[in-house]
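Presented below is the structure to which this report refers.
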Amino acid sequence: VSGPRSWIARRLLLGAAQTAAVVLLVFVLTEALPGDAAVALAGDQPDPERIAAIREAMDLDRPAHERLVDWAAGLPHGDFGTSLASGRPVSTYLTDGFGPTLLLAALTVALLVPIGVGLGVLAARHEGGPVDRLVSAVTLGVYAVPEFAFGVLLVTVFALRLGWLPPTAVGYGTDLLAHPAALVLPVLVLLSRPVCSLARLVRAGMIDALASPYAAHARRYGVPGARIRYGHALPNAMAPATQQLARTIDWLLCGVIVVEALYVIPGLGTVLINAVAERDVPVVQGLAVVFGVTTVVLNLGADLVARRLAPRSEAAA
Amino acid sequence: VRSRFALGAFVIGVPLALALLGPLLAGEPGPRAPSFTLGGGHWLGTDFVGRDVWRQVLLGGRSVVLVALAATALAYLVAFPVGLLSALTRRAWLEELLMRPLDVLLAVPSLLMILLVAAVFTPGAVGLTLLVALVNIPDAARLVRAAAAEAASRPAVEALRMQGETWWRTAVGYVGRSLTRTLAADAGVRLTGVLYLVATAAFLGVGVEPDAADWAVMVDRNRTGLFVQPWAVVVPALLIVALTMGANLLVDAGLKTGLKTGPKKGKRT
């Protein structure tokens with residue numbers, strides 16, 4: 001439609017708008033309470049002292065738009081406000097939980113791409129055969145299963161029946177890398193859905209690409225099969241997969257929250273769930289901004305990579 | 001393909017039957033027994049507050065299935081008119097007004113949105129239905145818009161317009177009806193996603209009472225007794241796995257037959 005430069009400019013603009021919208025949405029959803037917000041947040045302990053403390057801590061006497069501007073202005077400097085429950089700065093919650101979550105996410109992504117692409121290519125090479133049918137059936141079946149149900153069954157088998165792995169990460173603190181056994185089940189569960197989705201997309205893309213005229217042409221010229229598969233077909237097969245990465249990122253973020261709750265890992269997801277349970281609005285806001293902006297940035301990156309792999313395809317924007 | 005249908009129907013059969021018929025068979029609650037025991041007249045033992053696990057299993061599927069169905073229906077109820085209108089309108093500002101906010105909403109992870117609202121309100125089953133529907137609207141509306149825009153560019157629509165047919169007949173009677181196949185394909189895929197989201201939210205304690213008879217809540221609350229009384233966790237977890245897996249297998253088999261016999265493809269983009 002238009003040149004690559006204006007496409008990138010439009011996509012960056014959308015990303016900026018999405019970032020602003022995430023910040024605005026987080027604020028509106030958590031502070032646009034009907035009636036007196038302090039009373040609503042005090043919840044189970046509606047004594048006047050606590051209500052006054054909440055009003056004081058959140059500056060509820062000032063108009064909402066002034067609070068929004070102050071809060072949003074603090075975000076780029078890492079000033080997320082202070083917790084209602086403990087009075088500590090929200091940024092300390094973020095730094096405490098950051099390590100375990102980053103470790104989980106990095107391990108998962110590092111394993112996701114080789115396993116997902118490998119399974120997809122393997123199935124596509126044996127299209128219609130027993131290997132393909134097995135891979136297709138398993139990826140289709142596991143794809144929609146919630147992590148918590150799958151994870152709890154894995155715990156029952158591998159921790160309870162066989163005793164091979166610890167059931168949770170309780171007692172290991174935040175230094176999980178020193179206890180790799182405690183990481184096996186969480187990473188396995190976190191991988192389950194994204195691997196299936198990626199493998200299915202790569203399989204479909206590879207089958208299309210290998211049946212295409214350019215692959216047939218390369219074969220006629222005697223180009224070796226491996227080079228056709230990995231040099232020519234795979235980049236084309238990866239383009240639709242990269243575009244679907246947006247959904248995979250969404251799943252990974254949801255998955256991290258569930259897996260941390262299930263295996264009692266002291267990461268950002270656990271901090272978020274605890275803050276939700278305690279109605280600690282500043283902490284929830286800070287975490288939501290971090291999760292939301294991460295999603296926006298990763299989506300932007302995925303779209304740019306997809307565009308690079310297959311410039312003809314119309315990526316979202 | 002027929003064997004896939006059979007497999008899907010077989011896998012989903014048990015949890016679906018339990019979810020729909022279970023509450024009729026459950027009967028009156030018996031007296032409370034000690035927590036996490038086996039035997040003593042309890043076929044699957046007792047749960048974290050000493051209730052009969054089998055009775056909880058019978059009662060616990062209905063909420064997941066009903067919330068998921070209602071949320072999917074509600075998402076389309078909003079997404080269909082929004083998508084159709086933005087595809088057929090000739091006013092560019094209206095299209096921007098309808099679709100741009102959805103593009104932005106699409107960027108927020110679905111579970112995060114649900115947790116954000118849960119931090120301030122305490123949504124019940126109805127609240128959870130509305131929330132899950134809300135997070136599904138952007139994607140569904142985009143799909144409707146894309147499919148409707150394709151249908152609206154066909155010569156038949158031009159002909160209807162030249163004949164002087166009303167906007168309503170063109171939009172709903174022709175374009176709307178031509179979307180049926182695409183929407184049916186998408187509804188199946190969306191339902192499996194919604195089932196996942198509803199179960200996961202319930203596991204995290206959103207939209208349910210802490211002691212609710214709900215499979216996801218049972219998995220969460222009975223985890224403390226996993227080493228003493230695994231049935232209270234394993235049975236509901238297996239039922240959720242079978243429900244979601246079976247739904248996905250059925251939808252996939254349905255899509256494949258739909259694509260083979262259908263005159264045109266209902267392809268997702």
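Proteins get letters first, then strands, A, B, ... in listed order; numbering begins at 1 in each.
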Side-chain touch Leu238(B)/Leu153(A), heavy atoms, less than 4.5 angstrom: yes
Contacting moiety of Val26(A), where chain B heavy atoms sit under 4.5 Å: both
Contact leader toward chain B among Val258(A), Val142(A), Asp280(A), where contacts are heavy-atom pairs under 4.5 Å: Val258(A)
Residue pair Phe203(B) / Leu262(A), side-chain heavy-atom distance below 4.5 Å: yes
Passing option when Val145(A) is tested against Asn248(B), Thr192(B), Leu243(B), Val241(B) for side chain to side chain contact (heavy atoms under 4.5 Å, CB included): Val241(B)
Closest contact, heavy atoms only, Thr295(A) versus Pro109(B): OG1-CG, 3.2 Å
Leu204(B) portion near chain A, given a 4.5 angstrom heavy-atom threshold: side chain
Top of Gly193(B), Ser110(B), Gly246(B), Gly205(B) for chain A proximity - count of heavy-atom pairs under 4.5 angstrom: Ser110(B)
Winner by heavy-atom pair count (cut-off under 4.5 Å) against chain A, out of Leu116(B), Leu249(B), Leu195(B), Asp220(B): Leu116(B)
Heavy-atom pair with the smallest gap, counting every atom of Leu112(B) and Phe291(A): CD2-CB, 3.8 Å
Pick from Val296(A), Val152(A), Val155(A), Leu140(A) with the largest number of heavy-atom pairs that fall under 4.5 Å of chain B: Leu140(A)
Under 4.5 Å from a heavy atom of chain A, the part of Ala242(B) involved: neither
Option in Ala20(A), Ala275(A), Ala137(A), Gly141(A) with maximal non-hydrogen atom pairs under 4.5 Å from chain B: Gly141(A)
Region of Val234(B) in contact with chain A, defined by heavy-atom distances below 4.5 Å: both
Glu147(A) versus chain B, the contacting section by heavy-atom distance below 4.5 Å: both
Cation-pi check, Arg193(A) onto Tyr196(B) ring (under 6.0 Å, within 45° of axis): yes
Most contacts with chain B, counted as non-hydrogen pairs under 4.5 angstrom, among Ala261(A), Cys254(A), Gly292(A), Ala21(A): Cys254(A)
